[in-house]
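Being a predicted model, the structure only gives us computed values, none of them experimental. Just so it is clear: chains get the letters A, B, ... in the order the sequence lines come, proteins before strands, and each one is counted from 1.
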2 protein chains.
Amino acid sequence: MNYDALKLKNQLCFPLYACSKEVVRKYHPYLEEIGLTYTQYIVMMVLWENQEVTVKALGDTLYLDSGTLTPLLKKMETQGLLVRTRSSVDERSVIISLTEKGYQLRDQAADIPGKIGSCIPLSEEEVRTLYSLLYKVLGQHDAQ
Amino acid sequence: MNYDALKLKNQLCFPLYACSKEVVRKYHPYLEEIGLTYTQYIVMMVLWENQEVTVKALGDTLYLDSGTLTPLLKKMETQGLLVRTRSSVDERSVIISLTEKGYQLRDQAADIPGKIGSCIPLSEEEVRTLYSLLYKVLGQHDAQ
DNA sequence: GTAGTTTTGGTTGTGTACAATTAAATTGAT
DNA sequence: ATCAATTTAATTGTACACAACCAAAACTAC
């Protein structure tokens, strides 16, 4: 039998997995300064763009499920970054809204993307290509 | 202040992070059939190619540290897939070697890459491009 | 309007990940 | 030879991730 397909070098998934972790790790020192983890940071990015979102919408946007989000959001609530309120329109939904403190944090986060960008060794063209290929792989899920 | 760089849509890291998780998730049903997790699977891939490796080499290859590998390898040892032996040449090193059972598992894993490949919506050309861009990002770490 | 289905969050259990620290073994400079 | 520095695993503590399951609310036919 031919086992070439099982060689690490022939995997697409592995560099994807490794690269994701390595890049997330680059965020660590910068995020630590403002008291966020990476997962909390992407939650905040959604909230900075939309003052209010449901847990459901957050999960769809970030590809995270309630088992990850519920404890994360509760912790962020105790840190005073956001508030969790059950929707009066639909009691099943929980609405996440930014607090003033959460909103203020955006100023401190604003220079992080630039710092990360400068330590990724790709040209702008390459970044665009990588970006669109990644979304192409992710894309099929939208069609669900 | 301009916060465009903080928009989720303008992040490269986020699709990388999301895509990695989504693709790893695709492996789940196939890996479950042969009793492996994704992390265990990539460890096995290294061992199928090299009957023996040290924990250090495994960590360098897979971008994982001992905090992840030590408990993982101990569990795989109890499952009979591999054996952990302290090197007699260098007592600091632990050598991981495949058992017969671990070796046999390769036959059952052999068709997994094909099954995954067929549900990634990229052309061969695109896969090659994505692959090389990911390794380009990872590459700088080799230069450490 | 009510039973059956779907949607939405929450909970539990398992399995990573990694930073930080520790301890033992090895190496290297004197 | 010896001691300081380095290397290697292991340990500890914190934080995700997600599958599987559960319960309550909302929706859908009839």
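Separating the OH atom of A/Y41 from the P atom of D/dC16 is a distance of 15 Å, rounded to the nearest angstrom. In this structure, the CD1 atom of B/I96 is 15 Å from the P atom of D/dT8, given to the nearest Å. We find that CG of A/L69 is positioned 10 Å from P of D/dA17, with the value rounded to whole Å. Residue A/K75 contributes atom NZ, which lies 13 Å from atom C1' of D/dA17 at whole-angstrom precision. Spacing between atom OH of B/Y27 and atom C1' of D/dC18 amounts to 18 Å, rounded to whole angstrom units. Rounding to whole angstrom units, CD of residue B/E91 and C1' of D/dT6 are separated by 18 Å. Separating the CG atom of B/L72 from the C1' atom of D/dT11 is a distance of 16 Å, rounded to the nearest angstrom. Regarding B/L64, its CG atom lies at a distance of 14 Å from the P atom of D/dA10, rounded to whole Å.
The number of heavy-atom neighbours closer than 6.0 Å to NZ of B/K56, taken from other residues, nucleotides and ligands shown, is 12 or below. More than 12 heavy-atom neighbours from other residues, nucleotides or ligands sit within 6.0 angstrom of NZ on A/K115.
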Check the pair A/S97 / A/Q51 against side chain to side chain contact (heavy atoms under 4.5 Å, CB included), numbers first and verdict last.
CA-CA 6 Å; A/S97 13; A/Q51 303 271 334; over 6 Å; no
Would B/L105 and B/Q108 count as a side chain to side chain contact (heavy atoms under 4.5 Å, CB included) if you check the C-alpha gap in whole Å, the side-chain angles of each, and the deciding distance to 0.1 Å?
CA-CA 5 Å; B/L105 202 60; B/Q108 293 172 64; 3.9 Å; yes
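Within the 4.0 angstrom heavy-atom criterion, only backbone atoms of the sugar-phosphate kind lie near B/T37; the bases stay farther away. Across all strands, B/V89 comes closer than 4.0 Å only to sugar-phosphate atoms, never to a base (heavy-atom distances). Across all strands shown, B/D65 has heavy atoms under 4.0 Å from base atoms, whether or not it also approaches the sugar-phosphate.
Comparing A/S66 and A/I42, the nucleotide of DNA chain D nearest to each residue sits closer to the 5' end for A/I42. Residues B/E32 and B/R92 each lie close to DNA chain D; by heavy-atom proximity, the contact nearer the 5' end of the strand is made by B/R92. Ranked by how close their nearest DNA chain C nucleotide is to the 5' end, B/T39 and B/D90 are led by B/T39.
For DNA chain C, the outermost nucleotides in 5' to 3' order that have an atom under 4.0 Å from a heavy atom of chain B are C/dG15 to C/dT26.
Taking side-chain N and O atoms only, A/K21 has no distance below 4.0 Å to OP1 or OP2 of D/dC16. When the side-chain nitrogen and oxygen atoms of B/R25 are compared with OP1 and OP2 of D/dA17, none of them lie within a distance under 4.0 Å.
In this structure, B/I95 is not a member of the same hydrophobic cluster as B/W48, with clusters built from ILVMFWY side-chain heavy atoms closer than 4.5 Å. Cluster annotation: A/Y63 and A/V24 are assigned to the same hydrophobic cluster (Ile/Leu/Val/Met/Phe/Trp/Tyr, side-chain heavy-atom contacts under 4.5 Å, transitive). Transitive grouping of hydrophobic side chains (ILVMFWY, heavy atoms separated by less than 4.5 Å) keeps A/V83 and A/L98 in distinct clusters.
Distance check: B/L47 CG to B/Y103 OH gives 12.5 Å after rounding to the nearest 0.5 Å.
Under a 4.0 Å N-O distance rule, the pair A/K136/B/E126 qualifies as a salt bridge. Looking at A/E77 and A/K74, no side-chain N of the basic residue comes within less than 4.0 Å of a carboxylate O on the acidic one, giving no salt bridge.
An end-to-end axis angle of 30° holds for the helix from C/dG1-D/dC30 to C/dT30-D/dA1, taken from five base pairs per end and rounded to 10°.
You'll find the side chain of A/V94 stays beyond 4.5 Å of the side chain of A/T54, heavy atoms only.
Residues of residues 50-57 of chain B having a heavy atom closer than 4.0 Å to DNA chain D, listed by number: B/T54, B/V55, B/K56.
Between the side chains of B/D111 and B/Y30, not a single donor N or O lies within less than 3.5 Å of an accepting N or O.
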